[in-house]
Amino acid sequence: MRNPFKESDVTPEQVFNRSRRELLKILGISGAALTLPATARAGLSDWLTGLSAPPSPVTDTRPIDFSSPAEWQAGLPLTPENKVEGYNNFYEFGMDKADPAANASHFKTSPWQITVDGEVSRPVTLSMEDIFKKFPMEQRIYRMRCVEAWSMVVPWIGFSLASLLKLADPTSHARYVAFQTLYDPQQMPGQREGLNSAGLQYPYVEGLRLDEAMHPLTLLTTGVYGKTLPPQNGAPLRLIVPWKYGFKGIKSIVKISLTREQPPTTWNLLATDEYGFYANVNPHVDHPRWSQATERVIGAGGLFDVTRQPTRMFNGYASEVAGLYQGMDLRRNF
Ligand SMILES: Nc1nc2c(c(=O)[nH]1)N[C@H]1C(S)=C(S)[C@@H](COP(=O)(O)O)O[C@H]1N2
Ligand SMILES: [Mo]
């Protein structure tokens, strides 16, 4: 597969001198396409805005103590820090890749509490201070693959979600885990804008099957690049499930509920045919509007760096997680 837009159609000069709207015209995107929901434009705005993400603004991150277990240090070239922290999806803070870094810098992440409830024998509410006291932090270098067909390699810091769930002690009825982002329209402009924020319903919600949630790779993430998460990356606590598309990695979590039934998930609520509950990275199952066979590598390059690589089954984690889906039709359970 190739990039849907011909680089030869646009020169760097044009890119820097023209408005986005004009650029869309050059690229042959009609006026009608501009009124499509953001989901339909995701790949496009991605291409237009992300490749030269500016350095991220300074936020009040602080260093974290962590170990670096050898098994998680995958010898992969890291995506530069300014891209990880300047090229984001966090629709509560805007729809373009540079918006979250620009708009979330004053997001108040302290004090912060997270509650684990539902089908558990010991519901718990923890502050971030409790979290750092109770759970030793580990650096884990994971591949990250967005459903929009771009990818990064990120040195996250966090701990296995399983340790937190064990603390709450799921009952025998627990089959799924539901996650919820903070709902605070005062702080999160996207939550005030309704349809202007891609039509997503807020708070952002996500979910996993209990066995997926208990898998050692599933990371509750508190930091990146040696320090606490910047707001645009989902401070102070977000989920990372490296074998699934990035949208499963819900940010700024305040609530985790163990449930009997499969919980609703934000992108699935918006477009059921396009974003499934499982969202396992799979090069053989295309998105209805684009191929998932390859991915654009977000690297150190500039605007016209369009390095692509093949996408791997389960994002390269098949030997660890394929067993979770034995006997399942992955085309139906996309
Ligand atoms: N609450 C919330 N969580 C979210 C999103 C969002 O818009 N809101 N975007 C998701 C998507 S589509 C991706 S690819 C990742 C991006 O994470 P990053 O910006 O840290 O790379 O966050 C996910 N988590
Ligand atoms: Mo994404």
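Just follow the structure's listing: the first ligand is 1, and inside any ligand the first atom is 1. As the structure is a computational prediction, the values presented were derived from the model and not from experiment.
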*Could you tell me how the ring of Trp267 sits relative to the ring of Phe247: parallel (under 30°), tilted (30 to 60°) or perpendicular (over 60°)?*
tilted
_Partners meeting salt bridge (charged side-chain N to carboxylate O under 4.0 Å, His left out) with Lys108 (sequence neighbours left out)_ = none
*Which pair of heavy atoms, one from Ala101 and one from Gly86, lies closest together, and at what distance?*
CB-CA, 4.4 Å
*asked:* Taking salt bridge (charged side-chain N to carboxylate O under 4.0 Å, His left out) as the definition, give me every residue that meets it alongside Asp184, ordered by chain and number, with sequence neighbours left out.
replied: none
*Just jot down the side-chain contact (heavy atoms from CB on, under 4.5 Å) partners of Pro69, sequence neighbours excluded, or say none.*
Ser67, Glu71, Trp72, Gln73, Glu138
*Check Thr125, Thr115, Asp117, Thr181 against Lys255 for a side-chain hydrogen bond (donor to acceptor under 3.5 Å, both in side chains) and give me the one that passes.*
Asp117
*asked:* I'd like the residue list for ligand 1, meaning every protein residue with a non-hydrogen atom under 4.0 Å from the ligand.
replied: Asn88, Asn89, Phe90, Tyr91, Glu92, Met144, Cys146, Trp156, Thr181, Tyr204, Asn233, Arg238, Gly246, Phe247, Gly249, Ile250, Lys251
